[in-house]
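What follows is a single structure, written as structure tokens, with notes after it.
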Amino acid sequence: MISDTDGNGAAMKPQDFRIRSFRIDLSTQVVTPETVQCEDLEDALGGIARGFKLLEHCATDTPYDPSATLILNLGILSGTDFMTGLRTYFHAYSPLKTSLTGRPSAMWSAGSGKFGTKLRHLDVDEVVFTGRCEKPTLLRIHRDVEGGAVEFSFEDASDLVGMQVNPKIMKLRDKYPNAHFAVIGPSGENFENCRYAAIALSTENQLKSGDNKPRFCGRGGMGGVMGSKNLIAIVADTKDRSGPKSPPILKELNQEVARGKGSAKFRDKTKFGGGGGTWANYDALNPVHAMPEMNFVPTGTKVSLPLFRDNWEQGPYVVKDESCFRCGISCHKNVYDENENGKAGKFRAKLDFEPLNLLSSNIGIFEPEECLELCEVVDQYCMDSISVGTTLSYAMEYNRRNPDKPIAHGVSYGDYKTAHRVLEEIGQGKLPELGQGTLRLSQQLNAPQYAMQSKGMEYAAYLPQTNPGYPWALAGGHMSMKTYLLLLVEKETGMDYWVDAITNRGLAILRDDFLGVCKFSGMTDDNMIKAIGALTGLKVSAEEIQKTIRRAFLRGYRLERRQGFTDADYTMPEEAHDEYPQIQLPHFNTREFFGELKQKVTTRLDEMLIEEGLPV
């Protein structure tokens with residue numbers, strides 16, 4: 001952003017900043033630069049706080065229509081020297097998230113990598129896309145003269161069509177050696193038949209090694225929106241820029257990110273008391289049989305033990321903790337084949353808990369090799385592993401209950417070969433009944449009671465039986481509503497507790513989606529305020545941070561209501577309310593409990609809208 005002050009070190013207010021925004025009509029390839037004066041803190045902080053404000057003026061019932069808007073923007077710390085300040089955001093009306101009447105609503109998807117840093121070096125804060133390119137197109141954002149104006153070039157991308165993600169990014173790397181990339185895969189090119197296509201962001205590790213290690217803006221089908229505009233790739237092409245020396249406090253803050261308590265559970269167990277990353281959720285959830293198996297119904301057995309990390313490391317695999325650009329957390333758990341010397345050989349996959357679980361235990365597959373192969377397919381076709389994995393488990397459960405009328409080649413639990421085939425066909429646009437997602441598939445089959453989704457968004461790898469907060473998540477249940485592990489950790493089942501969890505505590509996870517940093521940094525508000533002040537000069541208080549969290553959520557919720565979402569849309573599948581004796585946690589999310597909870601949550605959210613001056 002641009003500051004209107006003279007750089008004398010005085011604390012600045014939001015109105016002292018301007019946003020470098022670019023509106024692009026892809027139909028005409030006309031780029032209109034605009035310098036936008038920040039009106040408030042939401043504008044200045046960026047990310048979802050500004051994204052939802054913009055989407056209020058872009059409502060649509062047809063996310064794939066050329067007139068629909070796709071927004072690319074950064075958070076205030078994206079591309080700065082703050083550790084994990086790497087986030088890039090895409091916002092749109094989602095082709096996946098929907099009301100029961102078929103109307104979409106606004107959401108976002110975020111990813112790390114170095115693409116956002118390159119945009120920041122190009123002085124691009126925000127790009128607003130409308131229209132549709134006449135042919136497959138690559139957008140190159142570049143500056144050919146140091147200190148000169150940023151330029152936008154449209155290039156033919158026909159040669160990229162049909163390529164899987166990693167070969168596509170490697171081809172772009174060879175052509176643009178100083179650049180980073182945001183690309184869609186085959187699923188996004190076949191957007192009409194795959195509603196959960198993702199956008200892949202290149203990483204330094206990927207470009208240097210050639211391995212398939214991008215980061216993904218996965219949730220909500222943003223890759224399909226990009227594909228519907230015939231925009232195959234965005235290239236942020238510039239040499240890295242050397243800025244002024246970082247303020248001394250930044251070293252202290254970055255050390256806290258890398259070594260502090262907040263990020264501890266995401267670090268490797270060998271690093272400063274780390275907890276082992278999200279893979280360690282197997283260790284936490286499986287012993288109490290609260291981990292998804294067989295379409296979110298735990299078996300109550302030890303069948304998932306082969307997928308614990310310790311068992312992988314006995315061979316023939318090597319698990320390495322690796323990192324995003326200049327990040328000391330090193331949360332990536334990258335799996336390699338073990339070579340003849342016992343060292344890391346061929347790279348296989350990056351395993352977070354969600355793809356690991358949803359593409360193995362939850363579909364009845366317990367062989368590590370088969371899990372790796374399925375993760376590779378999903379990544380190369382650039383699909384959201386949560387949505388595709390949960391849709392696949394639904395199809396398997398439907399086939400189990402309906403053996404006389406199977407779907408998707410009769411895919412069943414534990415059937416690796418057919419699962420592999422089904423995933424490839426979804427990514428190729430050849431299996432649209434599954435590519436439409438769990439909600440629409442369940443409506444088509446008239447079997448919604450075990451379709452693990454709310455508002456069309458498939459559940460992440462945490463049991464809905466233990467998390468009644470899922471229906472109010474704006475952009476997926478584990479990245480936009482922090483209620484998914486509360487029962488495991490706190491064991492609370494009271495009504496007032498859960499109303500507060502959904503309307504107050506659970507919203508805290510949204511903060512980093514406007515700051516431009518990774519949620520794994522785990523920093524306190526006070527430390528984030530220090531970072532913002534040191535790097536931008538913006539003066540902000542903890543109270544203002546909390547207010548922005550609240551307003552960002554309420555803007556998203558208000559957009560759902562404006563799109564016609566009603567009480568009937570804030571529901572869970574019927575079988576999520578059943579009691580499962582094998583789950584060794586309190587059973588409280590009954591139909592009666594949830595009915596009363598929904599009434600109280602709705603009442604409180606309506607009060608919050610009035611309190612914040614955001615009437616529906």
Side-chain angles (χ1 to χ4, degrees), residues 1-3 5 7-17 19 38 40-50 73-89 110-114 116-121 123 125 240-264 266-267 272 323-331 507-549 551-552:
M1 288 188 297
I2 305 169
S3 167
T5 68
N8 60 10
M12 290 182 275
K13 59 186 183 298
Q15 293 76 11
D16 292 329
F17 293 87
I19 299 165
C38 291
D40 51 31
L41 192 59
E42 292 158 82
D43 284 342
L45 293 175
I48 66 168
R50 176 154 172 84
N73 79 349
L74 304 175
I76 191 168
L77 295 178
S78 299
T80 68
D81 287 336
F82 180 81
M83 188 177 288
T84 80
L86 301 168
R87 303 296 266 180
T88 300
Y89 304 96
S112 293
K114 202 178 174 183
T117 300
K118 290 288 188 177
L119 284 180
R120 183 68 80 195
H121 290 174
D123 299 318
D125 300 319
D240 288 345
R241 183 173 64 190
S242 297
K245 186 177 180 180
S246 297
I249 194 174
L250 196 63
K251 181 178 180 181
E252 175 185 330
L253 292 171
N254 285 342
Q255 286 181 339
E256 178 64 21
V257 172
R259 303 179 181 182
K261 181 179 179 181
S263 65
F266 303 109
R267 295 195 299 269
F272 308 107
S323 67
C324 288
F325 178 58
R326 296 192 307 189
C327 179
I329 301 174
S330 300
C331 71
L507 310 185
I509 198 170
L510 299 177
R511 183 198 68 181
D512 297 333
D513 281 320
F514 54 75
L515 296 184
V517 304
C518 175
K519 299 178 191 295
F520 290 2
S521 66
M523 295 288 269
T524 64
D525 285 351
D526 287 342
N527 277 335
M528 296 312 303
I529 289 166
K530 293 176 185 177
I532 293 167
L535 289 166
T536 72
L538 176 65
K539 182 179 180 181
V540 60
S541 68
E543 181 180 356
E544 288 172 319
I545 291 287
Q546 290 300 311
K547 184 179 182 68
T548 304
I549 291 171
R551 288 180 64 82

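All residue numbers in this chain count up from 1 along the given sequence.
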Hey, does the side chain of Ser263 reach the backbone of Phe266 with a donor-acceptor pair shorter than 3.5 angstrom? no
Taking the side chain as C-beta and beyond, is there a heavy-atom pair between Asp240 and Lys114 under 4.5 Å? yes
Nearest heavy-atom approach of Ala542 to Asp526 is CB-OD1, 4.2 Å
d(Asn527 CG, Phe82 CZ) to nearest 0.5 Å is 8.0 Å
Roughly how far, to the nearest 0.5 Å, is the CD1 atom of Ile545 from the CG atom of Asp525? 6.0 Å
Keeping the roles fixed (side chain from Arg120, backbone from Ser78), state whether a donor-acceptor pair exists under 3.5 Å. yes
Within the supplied structure, the quantity of interest is the number of heavy atoms (other residues, nucleotides, ligands) at a distance under 6.0 Å from Lys547 NZ; does it exceed 12? yes
Measuring only between side-chain heavy atoms, which start at C-beta, is Cys38 closer than 4.5 Å to Gln15? no
Could you check Asp43, Asn73, Asp125 and say which one makes a side chain to side chain donor-acceptor pair (under 3.5 Å) with Arg50? Asp43
Could you go through the side-chain contact (heavy atoms from CB on, under 4.5 Å) check for Thr84 and Arg326 one step at a time? CA-CA 8 Å; Thr84 80; Arg326 296 192 307 189; over 6 Å; no
Minimum heavy-atom distance Ala552-Ala49, with the two atoms named: CB-CA, 4.4 Å
Search all heavy atoms of Gly85 against all heavy atoms of Thr117 and return the closest pair with its distance. O-OG1, 4.4 Å
Which value, rounded to the nearest 0.5 Å, describes the distance between Leu45 atom CG and Ile549 atom CD1? 10.0 Å
Does Leu538 reach the side chain of Leu41, with side-chain heavy atoms less than 4.5 Å apart? yes
Salt-bridge contact Lys539-Asp16 (side-chain N to carboxylate O under 4.0 Å): no
Any side-chain heavy atom of Ile76 within less than 4.5 Å of one from Met528? no
Roughly how far apart are Arg551 CZ and Asp40 CG, rounded to 0.5 Å? 7.0 Å
Could you tell me whether the side chain of Asp512 reaches within less than 4.5 Å of the side chain of Phe520, counting heavy atoms only? no
Below 3.5 Å, can you tabulate the donor-acceptor pairs from side chains in residues 250-258 to any protein atom, sequence neighbours excluded?
| unit_1 | atom_1 | unit_2 | atom_2 | d |
| --- | --- | --- | --- | --- |
| Asn254 | OD1 | Met83 | N | 2.8 |
| Asn254 | ND2 | Asp81 | O | 3.1 |

Arg267 side-chain N/O to Arg259 backbone N/O, donor-acceptor pair under 3.5 Å: yes
To the nearest 0.5 Å, how far apart are CG in Leu86 and SG in Cys518? 8.5 Å
Lys519 side chain to Ile509 main-chain N or O, any donor-acceptor pair under 3.5 Å? yes
Inter-residue atom distance Met523.CE - Lys261.NZ, 0.5 Å rounding: 14.0 Å
